[in-house]
J.: 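One structure follows; several queries about it will come next.
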There are 2 protein chains.
Amino acid sequence: MARDWTDPECPVARALDLVGDRWSLLVVRDAMDGARSFTEFQRRTGIARNILTDRLRRLTESGLLAQRTAPSGRRREYVLTDAGRDLFPVILTLRQWGERHAFDPGESHSTLVDLHGVPVPGLTPTGADGTRLDTDTTRVRKVATG
Amino acid sequence: MARDWTDPECPVARALDLVGDRWSLLVVRDAMDGARSFTEFQRRTGIARNILTDRLRRLTESGLLAQRTAPSGRRREYVLTDAGRDLFPVILTLRQWGERHAFDPGESHSTLVDLHGVPVPGLTPTGADGTRLDTDTTRVRKVATG
DNA sequence: CCGAATCAGTTGCGATTTGAAACCATTATG
DNA sequence: CATAATGGTTTCAAATCGCAACTGATTCGG
């Protein structure tokens, strides 16, 4: 179907072409938190039903979700694919940024914890030699133009 | 100004309310890569000019960008704030996901490298005890309802 | 100093997307 | 069997987007 990428050689731009809208990543968030059915996604996100239909279809076409028959019965359900589950670090870093910069001190928010209930520590970019990386210590190497 | 959050207690949702659209994170990406001026952002992203105006204003109002007078002369320029620079891990994980899942094998893409030209290694979520974390080994703890 | 180019937007307008609500066919449930 | 819940689709108005033209400064070349 020859997708029409915004910026074909930038992985960030391609990722955003697939999930860079207001709702897609919230759907993925809820899928990670156990949502499986149309109604459950709708209830959790509050998204309009026609838009939800569209997003579920798109995410399925892009290979982030798959539809399979539920184990119990005849209903169908949406489950994350490996590619969808691979968005975990993206959701996690968004969460961490949100906690730090989108809440006033004192405001409470939900927290991501491991199976023992211990809050998940922050994710810090580090280089091969263990040094911390940021905007000032990295740069984008453009692909060679054929 | 009493923002009207999609899902007030979820940091992921708040983050997406601020940068969860097709263009904002591309603007941040280019700011991280050295873009400062309106025209430069427009040239790199290909975004429509009126939309760019809106995004720059929004990002500035949200405290991710700041406008300051350029060191050389009288023009004004946009620079990332600390909050904006803190999106680095988000952009990085998006880039990594894109590299893995939005390119066919053999397709070439730009790469993030450190100052020695060495590609930045992948970012892996780990718990306090060093174990790898993913969707199955974490869960969201909702905030206590008043 | 003058004209041309560049910069940083703004305006107008048609096309697309979104959101709210109503509707509908198909399972479940009491 | 009646009723409710599920998983959508349809309709329609409102908001957003994208393109292109226009404006008003600033800067550059000669």
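Just so we're on the same page: letters track the sequence lines, and every chain starts at 1.
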J.: What is the distance from CZ of A:Arg49 to P of D:dG8, rounded to the nearest Å?
T.: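 Taking CZ of A:Arg49 and P of D:dG8, I get 9 Å after rounding.
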J.: Strictly distance-based, threshold 3.5 Å: is any side-chain N or O of A:Arg36 a donor or acceptor partner for the main-chain N or O of A:Val79?
T.: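 It does not hold such a pair.
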J.: When all nucleic acid strands are considered with a 4.0 Å heavy-atom cut-off, which category describes A:Asp54: base, sugar-phosphate, or nothing?
T.: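 Nothing, no nucleic acid heavy atom in range.
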J.: Do A:Arg29 and B:Asp7 come within less than 4.5 Å of each other through their side chains, counting heavy atoms only?
T.: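 Yes. Closest side-chain heavy atoms under 4.5 Å.
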J.: Mind calculating the distance between OH (B:Tyr78) and C1' (C:dG9) to the nearest angstrom?
T.: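 Taking atom C1' of C:dG9 as the reference, OH of B:Tyr78 is at 8 Å.
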J.: Ignoring hydrogens and angles, answer whether the base of D:dG8 and the side-chain atoms of A:Asn50 contain a donor-acceptor pair closer than 3.5 Å.
T.: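 For A:Asn50, whose side chain was compared with the base of D:dG8, there is no donor-acceptor pair (under 3.5 Å).
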J.: Check whether the side chains of A:Thr137 and A:Asp134 place a donor and an acceptor atom closer than 3.5 Å, and report yes or no.
T.: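 Per modelled atom types, A:Thr137 and A:Asp134 side chains form a pair under 3.5 Å.
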J.: From the set C:dA8, D:dG8, C:dG9, return the single nucleotide nearest to any side-chain atom of B:Thr39.
T.: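 Nearest listed nucleotide: C:dA8.
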J.: With heavy atoms under 4.0 Å as the rule, sort B:Thr53 into base, sugar-phosphate or nothing.
T.: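 If one applies the 4.0 Å heavy-atom cut-off, B:Thr53 turns out to touch a base.
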J.: C:dG19, OP1 or OP2 - any side-chain N/O from A:Trp23 closer than 4.0 Å?
T.: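 For A:Trp23, the contact criterion (side-chain N or O under 4.0 Å from OP1 or OP2 of C:dG19) is met.
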J.: Between the protein and nucleotides 24-29 of chain C, list every N/O to N/O distance that falls short of 3.5 Å.
T.:
none

J.: Select base, sugar-phosphate, or nothing to describe what A:Phe41 touches, counting heavy atoms under 4.0 Å on all strands.
T.: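 A:Phe41: no heavy atom of the nucleic acid under 4.0 Å.
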J.: Roughly how many Å is it from CZ in A:Arg55 to P in D:dG7, rounded to a whole number?
T.: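 Distance, rounded to whole Å: 19 Å.
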J.: Can A:Arg43 and A:Glu40 be counted as an ion pair, charged N to O under 4.0 angstrom?
T.: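 Looking at A:Glu40 together with A:Arg43, the answer is yes, because their closest N to O distance falls below 4.0 Å.
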J.: Do B:Val140 and A:Phe41 belong to the same hydrophobic cluster, where Ile, Leu, Val, Met, Phe, Trp and Tyr are linked whenever their side-chain heavy atoms lie under 4.5 Å apart, directly or via other members?
T.: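 Yes, because B:Val140 and A:Phe41 connect within a single hydrophobic cluster, where side-chain heavy atoms sit under 4.5 Å apart.
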J.: When the distance from CZ of B:Arg22 to P of D:dA15 is rounded to whole Å, what number comes out?
T.: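 So the CZ-P distance, B:Arg22 to D:dA15, works out to 22 Å.
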J.: If you measure from the Lys or Arg side-chain nitrogens to the Asp or Glu carboxylate oxygens, is any gap between A:Asp54 and A:Arg58 under 4.0 Å?
T.: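 Salt bridge between A:Asp54 and A:Arg58, a charged N being under 4.0 Å from a carboxylate O: yes.
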J.: Rounded off to whole Å, could you give me the CD1-to-P distance for the B:Ile51 and C:dG12 pair?
T.: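 My rounded result for the distance is 16 Å.
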J.: Expressed as a whole number of angstroms, how long is the span from B:Arg76:CZ to C:dC7:C1'?
T.: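 Result: 14 Å.
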J.: Taking C-beta and beyond as the side chain, do B:Arg22 and A:Asp17 meet within less than 4.5 Å on heavy atoms?
T.: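 B:Arg22 reaches A:Asp17 side chain to side chain.
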J.: In whole Å, what is the span from the CD1 atom of B:Ile47 to the C1' atom of D:dT16?
T.: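 To the nearest whole Å, that distance equals 12 Å.
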J.: Once you round it to whole Å, what is the distance between P of D:dT9 and CD of A:Gln42?
T.: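 These atoms are roughly 14 Å apart.
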J.: Side-chain N or O of A:Ser37 versus OP1/OP2 of D:dT6: is the shortest distance under 4.0 Å?
T.: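 A:Ser37 to D:dT6 OP1/OP2: no side-chain N or O under 4.0 Å.
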